[in-house]
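We use all heavy atoms of the structure for the numbers below, so side chains are in, but hydrogens, waters and symmetry mates are not. Labels below follow one simple rule: chain letters A, B, ... track the order of the sequence lines, proteins then strands, and each chain is numbered from 1.
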2 protein chains.
Amino acid sequence: MTPVDQDAPLGRRDLRKQQTRAALTGAALRLCASRGFDQVTVDDISAEAGVSSRTFFNYFASKEDAVLGDHLVEVDAMRARLAVLLPTMPVLEAVRRAVLLVVAAMEADRDHWFLRMEVIHRSPQLLPRLVLSNAEAERGTTEQIAAHLDADPAAHGYPALVVATTSAAFRCAATRWMTARGALSLGALVDEAFSALAAGLPDPD
Amino acid sequence: MTPVDQDAPLGRRDLRKQQTRAALTGAALRLCASRGFDQVTVDDISAEAGVSSRTFFNYFASKEDAVLGDHLVEVDAMRARLAVLLPTMPVLEAVRRAVLLVVAAMEADRDHWFLRMEVIHRSPQLLPRLVLSNAEAERGTTEQIAAHLDADPAAHGYPALVVATTSAAFRCAATRWMTARGALSLGALVDEAFSALAAGLPDPD
DNA sequence: CCTTAAACTTGCAGTGGCTGCAAGTTTATT
DNA sequence: AATAAACTTGCAGCCACTGCAAGTTTAAGG
């Protein structure tokens, strides 16, 4: 699932930790996908993963975290790309290209995302937590764009507006991608959504 | 808060229910605003409101519900307005005008909204739940627009895209409104955001 | 006015998420 | 081989939340 980060000093210990963590998220996803989120207890997940329930909470702060996991890994890369692109083109276009990094990561992780989606679809209570972590990421990007424009984010609404609307557009594309179970390319769907945004959301046809 | 709905058959019982409900949300808002959401227990709220903690759960399904309350009351009115406007103008413009109904309701309820905002700002865990209930409303509006366009919502991304992005724009405006503590008119902020959307989110200035 | 049925409140007991603490056990360090 | 650090675990406990079985209040009909 999550590839090993660069050349890390991996002793038996860190290895086992990764292993345990993966076993926990795996068990959580599997169980929740088949039974539904609240028909699964932390004890169930821990037992399936072969650790105590107390240990579960050494790895995750909540049951939800085990399911949603770290779906924000690519944010740093996206932000770096954005920093490079912003000075050379309009904000909206820079964001569109930066988002393609996330698109690539998601398309590479297809199966994992579909499984996660299955769980979230079954148990919509999880959706909020997903939105929250996104919100945090959005705030950072907003500040980045505000700095680029030399604008006070509090006084000027533009940075927050761009980030919020593009995020919404991205989520729309992702939703279409998943309901189509990957029959369409996520990249193409994202492009379509961003084009509509750039055109001012005119009525279709 | 919520004005009495039309000519209702209000006996002592229903009256007391309204009273209790208001006391609970009031206590919840007050306590959470001063102490923070998770420094307040359901027992605290119930005691402050003068009922048992068990009764609390007869009124609200969760502690969060008591704080967030019914912030979706005006949705029906908005949808009705939208139905009237859609055939006579572009979708985006119709949505903009329909949203003005919500704007009016919020501006009439200023103080309450600011208090709620105070709580949410202190305890961001609440923000997601807020977004979630919005999501439900968004789905309905999406279907409405899809029907108007004679489009299959699954096949065509436009309806969901318009709704998601305009909702995001609205939230941005609302956030600015609240951080400015009402120094700016919510209506003006919403108009500004929608204008930017309609123009394709060009770089400012 | 009085009776009866429905609605509302409440205590109680119990489940499950989640945390701090104080062992014990495993792994890294010298 | 000895010591320190990290990891796991059981335990005791808090709190959100629920079902159940009273008790109490209000509405409705005679």
Report the distance from atom [atom1] of [X] to atom [atom2] of [N], rounded to the nearest whole Å.
X	N	atom1	atom2	result
N58(B)	dA7(C)	CG	P	14 Å
Q19(B)	dA7(C)	CD	P	21 Å
D14(A)	dT27(C)	CG	C1'	10 Å
L31(A)	dG16(C)	CG	C1'	16 Å
R54(B)	dG19(D)	CZ	P	8 Å
K17(A)	dA6(D)	NZ	P	9 Å
F57(A)	dG20(C)	CZ	P	12 Å
L15(A)	dC7(D)	CG	C1'	15 Å

[X] side chain N/O closer than 4.0 Å to the phosphate oxygens (OP1, OP2) of [N]?
X	N	result
T55(B)	dT10(C)	yes
K63(A)	dG16(C)	no
S52(B)	dT9(C)	no
Y59(A)	dC7(D)	no

When all nucleic acid strands are considered with a 4.0 Å heavy-atom cut-off, which category describes D43(A): base, sugar-phosphate, or nothing?
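Result for D43(A) = nothing.
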Pick base, sugar-phosphate or nothing for D38(A), based on heavy-atom distances below 4.0 Å to the nucleic acid.
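Nothing, no nucleic acid heavy atom in range.
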Do R96(B) and D191(B) meet the salt-bridge criterion of a basic N to acidic O distance under 4.0 Å?
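A salt bridge is present here (some side-chain N lies under 4.0 Å from a carboxylate O).
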Sidechain N-carboxylate O distance under 4.0 Å for R116(B), E64(B)
no
Only one of R35(B), K63(B), R30(B) forms a salt bridge (Lys or Arg N to Asp or Glu O under 4.0 Å) with D44(B), so which one is it?
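The single option meeting the salt bridge (Lys or Arg N to Asp or Glu O under 4.0 Å) with D44(B) is R35(B).
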I want to confirm an ordering. Mapping S53(A) and V42(B) to their closest nucleotides on DNA chain D, which one lands closer to the 5' end?
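Closest to the 5' end, via its nearest nucleotide, is S53(A).
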Toward the 5' end of DNA chain C, which comes first, E64(A) or F56(B), by nearest nucleotide?
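Result of the comparison: F56(B).
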Step-by-step ring pair (Phe, Tyr, Trp, His ring centres under 6.0 Å) determination, W177(A) to F170(A)
CA-CA 10 Å; W177(A) 182 54; F170(A) 176 76; 9.3 Å; no
What residue among L29(B), I120(B), L127(B), T25(B) forms side chain to side chain contact (heavy atoms under 4.5 Å, CB included) with L68(B)?
I120(B)
